[in-house]
Amino acid sequence: MPSSETDRAISVTLPDGAALELPAGATGADAAAAIGPGLAKAALAIRVGDEIRDLARPLGDGEAIQIVTRKSGDDYLWVMRHSAAHVLAEAVQAIVPGAKLGFGPPIADGFYYDFDLPRPLTDEDFPAIEAEIRRIVSEKAPFERTVMSIEEARGFFADRGDEYKVDQVEELGRQGEVEVSIYRQNDFVDLCRGGHVHHTGEIGAVKLTSLAGAYWRGDERNPQLTRLYATAFPTSKELDAHLERLEQARARDHRRLGRDMELFHFDDAGPGFPFFLPKGMRIIREVEGAVREELERMGYEEIATPTILSDELWRKSGHWDHYRENMYLTEVDGQGFAVKPMNCPGACLVYRSTRRSYRELPLRLAEFGHVHRHELSGVLHGLFRVRAFTQDDAHVFCRPDQIQDEVVAILEMIDRFYARFGFDRVLLGLATRPEKATGDAATWEHAEAALRAALGDREYVVKEGDGAFYGPKIDFQVTDTMGRLWQLGTCQLDFFMPERFDLSYQTAEDTQARPVLIHRAITGSIERFLGILIEDTGGDFPLWLAPVQARVLPIADRHADHAEAVRGALVAAGLRAEVDARAESVGKRIRDGELAKIPYLLVVGDKEQAGDAAALRGRHGADEGTMPVGDVVDLLVARARA
RNA sequence: GCCGACGUAGCUCAGCUGGUAGAGCACUUCACUCGUAAUGAAGGGGUCCCCGGUUCGAGUCCGGGCGUCGGCUCCA
């Protein structure tokens, strides 16, 4: 708040690095006016650091600011969509009288608005709502900002029966706000921190995209609201381009490519349980091979532990208390068993199978563990969220003083592995103590500090309360083709499992000590990793991963034997090759080979047969000419290794 | 699990207000034996997701279940 004349002036930084001096308490609007009258008129909002703010909010000393106008690209889209959300809400209230308002923020690629509705909404209502939006847009109704005290706003929204807005006003009050801003267009009024276009006419093409249920404040104990997703662009041309991009992204969907390329299959006989087809297994074996190379290099030993183990074991491990509802249980001969949802108890039993010395530590035990988890039906999603998957799991048992080095080595291993597959945008997260946790606060803090130290100066986000019940973790996330985030690798500290299983080792001083357990996975889940790999490459796998690396096409029947010989030479050299000798034209078979995304097509006719050669065609028509079969084999082997 | 939509041949889909199913691609066979992105013809293939109900009659209407898709919540 602007106050006495004793306040000093403030200074903010503009995008070009210049400093702008303003009186204390100056707002974004003041800043825009200070820069120029044109900008003052065009200004819609202001970006301060990562945040887009209302022009009416006072600026702080030293802040880096950027005025948002119609020409601000993504920032403009953000502001315009925020305004579009208000118009959507006005339209919905016109179509469905009595609709109560939840939240309605802009999000990546669009915006949504939550409603508590007197009647269910279906997509048949979309055209009417869109028509109403267009009508409101054509009115060019101004967005007007007013300010109310918390008490005034509470009463205002209570009178209107907008209970969720009342809840939010109260929440803001608890957060220490003394007044809130209200935006109005036509008769529509919304509690809103703002940043809006001047009038509804500045909203471009709006399209409703989907309908979903969403809990108030994201808590399933709260009422479920109806969420209407939509997007908006300045022009319908840009909207169409966006819809076209979405369509292209859908073509990379691993579920679609997995079926088209015959990699895997899902069957009603086992919802969430993937069936891997021969070509899918070829890729999986390559991925596993890459993991095993790392295991060898980093001093791991591979083990295998049983899929089904006594429920006694799961009681001891803590899974019974924390995870039972997600476990597949069975009973045989009057004894309870559970299908493993994790591999750690098995690894602990391996550790405990003999007496351990400090000289053996760190003991790194790896396992390709096939685990089963009964996930809720609504969360299943292709290979990304399944009910049975293979963890490239490992458990490192070490002394407390070895934690740092081990975690550092694991992070480096994961980095190297992802780089090999060409994953560049990997997000790191540090997940800390959750509500449902075992162990004391001091132990947790110690563990979290160890992980922070190992992360060093890497970029990562802290996810408060997102850790496993037994310890904090570092996780590695990547996005799929639709922008959803999925966790792959993980590195978790566990101070509790060794306790529960009473694990120990003999120290140099001939005493018994408790090892620390580190859980880690590189791919996290081979299945999920494959899904990401499919979407990342769009099915155009690098040569070394391609399920079929080369296909030989004999021009006519009389070239079949030579084609077979070429295939034999490729296979003998360790390449995955096949022959397409169907009675179809060469053009047709070339086309089919391209559509099957096969890296190399080898055409053989009279000329090639006579010279024991093959004509090499790379993906997308790259003609590399005719060369002796031996040369083709050497060339492809070299490229597959690169 | 919750909200919404959807479920017809291996795939993509058509099938109007109820009258017991159709196309393209794929597959099989035949003819053609072809030089770098679709040769032609013929043929096989369906418990219209499942279970009930309404009706003379249900792919179509109603109820329940299962599955899939988009979200929410969850995710060791």
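Residue numbers start from 1 in every chain, and the chains themselves are labelled A, B, ... in the order their sequence lines are given, proteins ahead of strands.
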Quiz item: cation-pi between A/R81 and A/F233, 6.0 Å / 45°: yes
Face-on cation placement of A/R227 at A/Y112 ring, 6.0 Å and 45° thresholds: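 Yes; both conditions hold, so A/R227 lies above the ring face of A/Y112.
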B/U12 phosphate, OP1 or OP2, under 4.0 Å from A/R256 side-chain N/O: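 No, no such contact exists.
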Residue-phosphate contact under 4.0 Å: A/R385 side-chain N/O, B/C75 OP1/OP2: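 Checking B/C75 against A/R385, no side-chain N or O comes under 4.0 Å of OP1 or OP2.
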Side chain A/Y215 and base B/G1 donor-acceptor under 3.5 Å: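 Donor-acceptor pair under 3.5 Å: yes.
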Atom-to-atom span, CG of A/L228 to C1' of B/C72 - whole angstrom: 15 Å
Pairing of A/E375 and A/R385 as salt bridge, 4.0 angstrom limit: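 Salt bridge: yes.
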Member of A/Y215, A/Y164, A/F115, A/W216 meeting the ring pair (Phe, Tyr, Trp, His ring centres under 6.0 Å) criterion with A/F103: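 Of A/Y215, A/Y164, A/F115, A/W216, ring pair (Phe, Tyr, Trp, His ring centres under 6.0 Å) with A/F103 is met by A/W216 alone.
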B/S/- contact track for nucleotides 34-44 of chain B, protein heavy atom under 4.0 Å: BBBBBB-----
Euclidean distance for P, B/U17 against B/U54 (whole angstrom):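 Roughly 24 Å separates the two P atoms.
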Same-atom distance (P) from B/G7 to B/C16, integer angstrom: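 Taking atom P in both B/G7 and B/C16, they lie 12 Å apart.
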Residue A/K207 excluded, over 12 heavy atoms near NZ under 6.0 Å: no
